[in-house]
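In this chain, numbering begins with 1 at the start of the sequence shown.
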Amino acid sequence: MLADNMHIYITFTLYLIVILGIGIYAYFSTKNFDDYILGGRKMGGFVTAMSAGASDMSGWLLMGLPGAIFTTGLSQAWIAIGLVIGAYFNYRIVAGRLRIFTEHYNNALTLPEFFAERFPFQKKALKIISSTIILFFFTIYCASGVVAGAKLFQSLLNIDYHTALWLGAFATILYTLIGGYLAVSWSDTIQASLMFFALLLAPIMVLMNLSWHEISTALQTKVAITHIPYSNWLHNVSGIGVISALAWGLGYFGQPHILARFMAADSLQSLNYARKIGISWMILCLTGAVAVGYFGLAYFTAKDFPLSHPEAVFIELSKLLFNPWVAGVVLSAILAAVMSTLSAQLLMSSAAITEDFYKGFLRKNATSRELVWIGRLMVLVIAIIAIWIAQDPKSKVMGLVSYAWAGFGSAFGPVLIISLFNRHISSRAALCGMLAGAITVIIWKPLMAYWGWIDMAQLYEMIPGFLASATIATTSSLFHPVNQEVSNKFNQAVAEFKNKE
């Protein structure tokens, strides 16, 4: 078995060496904490777009989504549509203003720092609560990346899950630990390109091995066995189901690791360029992921090859259909997806602890060098906690991502949008809205199940969480007038944004 896969192992190893090399180079390019967290705000449009896409999609794109399509058919593709819509409006509505506002508000490097500067009368509370939300949901999100990496190494090397868990996490932890944002963004550009190549090539290879007639026959055979109409976009999907899937798009407005890419761009012009590249990349990659699950189902049915783990459909297709050298490159795309998102999440979690807790409350006069090393230590600590959460071999990538995505989207999304467009939101209203979003996500499903409202329990917690946050933040402002000085600073930020448009 080892000899059979030697070509894959060699290619895989070379890829890891390249990524770690980028981390080492970035280490020597990182001069201060600003470089470590946001790359000195010097990222161009292409790097911004590819880094945002790669850090966004993660192992979910190459494992979670194809696995969901493989299991229940095209009805799961509504999520992809919602994501494209959400990402587009995130670029159009949030990206430019966030880039200018974060620099205007005392060069804020993190979302908690921005919220604290934007709403100074609840500065300490906003820093603590927003940082705590980041650490809670990102640790779960990081666990999803560790699970995806473990399943890749388990399938590739035929080793037990727990060994694969540590092996899959090691490389990501190492290059994030030493290289920071520069390593993450540069490697993301390579990783996003790999993901694009792999997701377009895999469905084409299936079509080269099976005719349309064979695909149709195989799917009909599978339908007869499972009674699942895989081609029906509305199978077993209620109106609530469609709305829940589309609501994934709302999450973009509150994802710290994606928003950080906007904050790190060198100009508004770069962000406009990034939008065109990023949305095009996203549409093609999501289409490819759906096709992998759909055509993969037909292929394994036609070949009478049972697949025990649906989320491994892309892995198994790659091993069966590609030349071993090419398979190594294609499978590296899965590791690329895992590493790109996991590294971004580790970095944002580290920033929350270092910038918002350590510097904010413990060591206000900490040197830049000290903060960089504390940040590296925090990457290691958070990674170990994520590995501990991912210990269960039955963990599902999709479930972990879904929960964390809803948490960030609901807690930060409404407050961020309002803070960028509404001068009348008060500090207390922002705090209440943030808490309402996070708490609603945490309690929604257990509460609905306890009350016996089964249909409502199926509603994606993003929807009630987002609505609760937006409603409470807006209505609370009616009872708490905004300080004139705060309003004037907002007006200055808007004027600065308009001058640079």
_Qualifying residues under ring pair (Phe, Tyr, Trp, His ring centres under 6.0 Å), relative to Phe114, sequence neighbours excluded_ = Tyr105

*Could you label the plane-to-plane angle of the His257 and Trp405 rings as parallel, tilted or perpendicular, counting under 30° as parallel and over 60° as perpendicular?*
perpendicular

Quiz: residues 80-96 side-chain donor-acceptor pairs under 3.5 angstrom, not counting sequence neighbours:
| from | atom 1 | to | atom 2 | distance (Å) |
| --- | --- | --- | --- | --- |
| Asn90 | ND2 | Tyr252 | O | 3.2 |

_Sequence-distant partners of Ile442, side-chain contact (heavy atoms from CB on, under 4.5 Å), two or more places apart_ = Phe136, Phe137, Tyr403

*Is a donor on one side and an acceptor on the other found under 3.5 Å between the side chain of Gln76 and the backbone of Leu65?*
no

*Quick check: does any side chain N or O of Ser469 sit under 3.5 Å from a backbone N or O of Gly433, one acting as donor and the other as acceptor?*
yes

_For Tyr460, ring pair (Phe, Tyr, Trp, His ring centres under 6.0 Å) partners two or more places apart_ = Trp248

_Against Phe466, only a single residue in Thr440, Thr471, Leu250 fulfils side chain to side chain contact (heavy atoms under 4.5 Å, CB included); can you say which?_
Leu250

Taking distance alone, no hydrogens or angles, what donor-acceptor pairs closer than 3.5 Å link side-chain atoms of residues 296-303 to residues at least two apart or in another chain?
| from | atom 1 | to | atom 2 | distance (Å) |
| --- | --- | --- | --- | --- |
| Thr301 | OG1 | Leu297 | O | 2.7 |

*Listed partners of Trp388 passing ring pair (Phe, Tyr, Trp, His ring centres under 6.0 Å), at least two apart*: none

_So which atom in Pro414 and which in Gly409 form the shortest heavy-atom distance, rounded to 0.1 Å?_
CD-O, 3.3 Å

_Can you list everything that forms a ring pair (Phe, Tyr, Trp, His ring centres under 6.0 Å) with Phe295? Sequence neighbours excluded, please._
Trp212

*Using the test salt bridge (Lys or Arg N to Asp or Glu O under 4.0 Å), find all partners of Lys276 that sit at least two apart in sequence or belong to another chain.*
none

*Ala77: what forms a side-chain contact (heavy atoms from CB on, under 4.5 Å) with it, not counting sequence neighbours?*
Ile69, Trp233, Val290

*Qualifying residues under side-chain contact (heavy atoms from CB on, under 4.5 Å), relative to Thr217, sequence neighbours excluded*: His213, Thr221

*Heavy-atom pair with the smallest gap, counting every atom of Arg99 and Phe262*: CD-O, 3.4 Å

*Taking all atoms of both residues into account, what is the closest heavy-atom pair of Ile283 and Thr287, and its distance?*
O-OG1, 2.7 Å

*For the residue pair Leu416 and Phe115, establish whether any side-chain heavy-atom pair is separated by less than 4.5 Å.*
yes

*Taking all non-hydrogen atoms of both residues into account, name the closest pair between Ala202 and Phe314 and its distance.*
CB-CE1, 3.8 Å

*Non-hydrogen atoms of Val441 and Ala406 that approach each other most closely*: CG2-O, 3.5 Å

*Is any side-chain heavy atom of Pro256 closer than 4.5 Å to a side-chain heavy atom of Thr110?*
no

*State, with a plain yes or no, whether a side-chain heavy atom of Ile215 is found less than 4.5 Å away from one of Leu207.*
yes

_Walk me through whether Phe408 and Ile134 qualify under side chain to side chain contact (heavy atoms under 4.5 Å, CB included)._
CA-CA 8 Å; Phe408 284 129; Ile134 284 177; 4.0 Å; yes

_Inter- and intrachain pairs under salt bridge (Lys or Arg N to Asp or Glu O under 4.0 Å), touching residues 439-448, at least two apart_ = Lys445-Glu461

*Could you tell me which residues satisfy side chain to side chain donor-acceptor pair (under 3.5 Å) with Asn272, sequence neighbours excluded, listed by chain and number?*
Arg275

*Closest approach of Ala436 to Ile472 (non-hydrogen atoms, all atoms of both residues)*: CB-CD1, 3.4 Å

